[in-house]
Undergrad: 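Quick one: the structure is below, questions incoming.
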Number of protein chains: 2
Amino acid sequence: MNWHKKPRDSYHHGNLRKALIDAALDLIRSKGTGGFTFAEAARHAGVSPAAPYRHYKDREALVADVAGQGYKAFSAAMDKAWNDGKPDVAASFKRTGEAYLLFARDQPAYYSAMFESGLNIATYPELRTAADEAFDTLKVAVTALVATAPEGSRPPVLMVSLHVWAVCHGIASLFGRGDGAAFKQPISPQELLESHMLVYLRGLGLKV
Amino acid sequence: MNWHKKPRDSYHHGNLRKALIDAALDLIRSKGTGGFTFAEAARHAGVSPAAPYRHYKDREALVADVAGQGYKAFSAAMDKAWNDGKPDVAASFKRTGEAYLLFARDQPAYYSAMFESGLNIATYPELRTAADEAFDTLKVAVTALVATAPEGSRPPVLMVSLHVWAVCHGIASLFGRGDGAAFKQPISPQELLESHMLVYLRGLGLKV
DNA sequence: AGTTCATGTAAAGGGTTTTTACATGGCAAC
DNA sequence: GTTGCCATGTAAAAACCCTTTACATGAACT
């Protein structure tokens, strides 16, 4: 039987792993995290239904790989936005938060795989590592921001980081998805994050 | 063929709809939102694989019904916690936020169906209605809280409500699930929410 | 050239989905 | 009460998906 929509030049695909990830991203984008089957991803990549099993134990392992790629891209985007705190900490911090929202908006398939695929993160250690790395970038930014406060009145970095993470994730999840945001509101996600951080940082006694 | 684990007394089940919802809740709890099939829910309820089609168009419709029940229970829990702002607005507001986290922790199956099932809320109008109702309770609480500020320095209710909703949802989603919270932290969800609201309300210029 | 091994296919068994035809019995109208 | 309606359940069948097993291909190394 011919599984190829467009016949390949060789018997071997060449880069099926990447093709499967791309297929999964396409399918997640259009039908949600759970909206496609392993066989469908294979068809989308132009191979037989059994071929994906050469690269992944099961469908979940494919989604986990997608999530891992997502965390890496996410971490890189946050790092780039932070830009070592230059030109100044306040502006960089704001950019970093915006980068969180932009990633959720512009890479909804990655974001879904990362936070909504329902896969047990404990089962995939490399996933935990990649996720921790992304959160570390956020903590670096918070550390620098907190350091602008006078010594003795600096709030704990971990607490502030978790607050910021939760707000970003909450706004992104509820209001800031690319496609049909679940609970769309008359205020944009960016405005919501900015207004929140304005209030929150004032509450911390930090000037911005 | 006999589909009943324990034989029923009558040919008709009696309350298959409820049995299917209970089955779905059980299965979501143990295997995630996408971790079971329509046929599996039928087996769990002790009926043939075709029986559920008498009550739901497809599997998604069952999950949507579960989510709807969830929103109703959620709304009721928030309302009860708010208790008309008695004995005082500050305490009631705090209780309402805690109720959000407690619901996510104690009813993880409902919470998953509501926020992580990936179903298009626009497809199910009664779902949108139920969700709006829950959010309205939150807005009532915020309205009362904002009213404690001197006239002229009152922040917009919608903005504050969305901030609060986002924080609650972010904390609950990331750190506050009953089972294996995805990104568990050394600070409890309750502490995180309380510390955040302390900072945030101070930033708003509200005394608590 | 020959061997090896990663990568792909074919085929088969079993489960799921969904429809269609049929069976049951609760209930309302007489 | 009896009758007939019809909501609710079952059986069976066709199509598709999952997963494994045995086999085919060809790239890389000697």
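Every chain is numbered from 1 and lettered A, B, ... according to where its sequence line falls, protein lines coming before strand lines. Treat the numbers as computed from the prediction; the structure is a model and nothing was measured.
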Undergrad: Using a 4.0 Å heavy-atom cut-off across all strands, classify B/Y53 as base, sugar-phosphate, or nothing.
TA: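 It contacts base atoms.
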Undergrad: Consider only side-chain N and O atoms of A/S112 and A/R29, and report whether a donor and an acceptor are under 3.5 Å apart.
TA: no
Undergrad: Could you write out each protein N or O paired with an N or O of nucleotides 12-15 of chain C at a distance under 3.5 Å?
TA:
none

Undergrad: Show every side chain to side chain donor-acceptor pair (under 3.5 Å) that has at least one partner inside residues 56-68 of chain B, sequence neighbours left out.
TA: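 Every pair satisfying side chain to side chain donor-acceptor pair (under 3.5 Å) with a residue in residues 56-68 of chain B: B/Y56-B/D65, B/E60-B/Y124.
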Undergrad: Reckon A/H55 has a side-chain N or O less than 4.0 Å from the OP1 or OP2 of C/dA6?
TA: no
Undergrad: Measure the distance from CG on A/L16 to P on C/dG8 and round it to the nearest whole Å.
TA: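 It works out to 5 Å between those atoms.
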Undergrad: Could you state the atom-to-atom distance from CZ of A/R54 to P of D/dT19 in whole Å?
TA: 15 Å
Undergrad: Calculate the interatomic distance between B/N15 atom CG and D/dA7 atom P; express it in whole Å.
TA: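 Spelled out: CG on B/N15 to P on D/dA7 is 17 Å.
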Undergrad: Any donor-acceptor pair under 3.5 Å linking the side chain of B/S161 with the backbone of B/V157?
TA: yes
Undergrad: For A/E126 and A/T129, test the side chains for any donor-to-acceptor distance below 3.5 angstrom and give the result as yes or no.
TA: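 Not at all, the side chains of A/E126 and A/T129 share no donor-acceptor pair under 3.5 Å.
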Undergrad: Atom CZ of A/R59 to atom C1' of D/dC17: distance rounded to whole Å?
TA: 12 Å
Undergrad: Can you tell me the distance, in whole Å, between the CZ atom of B/R17 and the P atom of D/dG9?
TA: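 It is 11 Å, rounded to the nearest whole Å.
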Undergrad: Which nucleotide in the list C/dT9, D/dC18, C/dA21 gets nearest to the side chain of A/A39?
TA: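 Between C/dT9, D/dC18, C/dA21, the one nearest the side chain of A/A39 would be D/dC18.
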Undergrad: I'd like to know if the side chain of B/H163 reaches the main chain of A/H196, judged simply by a donor and an acceptor atom lying under 3.5 Å from each other, with no hydrogens or angles considered.
TA: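 Present.
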Undergrad: Does OP1 or OP2 of D/dC18 have a side-chain N or O of A/T37 closer than 4.0 Å?
TA: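 Answer yes for this pair, as a side-chain N or O of A/T37 is under 4.0 Å from OP1 or OP2.
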Undergrad: Please confirm whether the ring centroid of A/Y53 lies under 6.0 Å from the ring centroid of A/F38.
TA: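 Between A/F38 and A/Y53, which both carry aromatic rings, the centre distance is below 6.0 Å.
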Undergrad: List the atom pairs, donor and acceptor, that lie under 3.5 Å between side-chain atoms in residues 94-101 of chain B and the rest of the protein, sequence neighbours left out.
TA:
{"residue": "B/K94", "atom": "NZ", "partner": "B/E194", "partner atom": "OE2", "Å": "3.2"}
{"residue": "B/R95", "atom": "NE", "partner": "B/A81", "partner atom": "O", "Å": "2.7"}
{"residue": "B/R95", "atom": "NH2", "partner": "B/A81", "partner atom": "O", "Å": "2.9"}
{"residue": "B/R95", "atom": "NH2", "partner": "B/K86", "partner atom": "O", "Å": "3.0"}
{"residue": "B/R95", "atom": "NH2", "partner": "B/S92", "partner atom": "OG", "Å": "3.0"}
{"residue": "B/T96", "atom": "OG1", "partner": "B/S92", "partner atom": "O", "Å": "2.8"}
{"residue": "B/Y100", "atom": "OH", "partner": "B/W165", "partner atom": "NE1", "Å": "3.2"}

Undergrad: Of the nucleotides C/dT18, D/dC17, C/dT7, which has the atom closest to the B/D58 side chain?
TA: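 It is C/dT18.
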Undergrad: Would you indicate which nucleotide in D/dT10, C/dT17, C/dA10 comes nearest to any side-chain atom of A/A50?
TA: C/dA10
Undergrad: Starting at atom OH of A/Y56, determine the distance to atom C1' of D/dT20, rounded to an integer number of angstrom.
TA: 20 Å
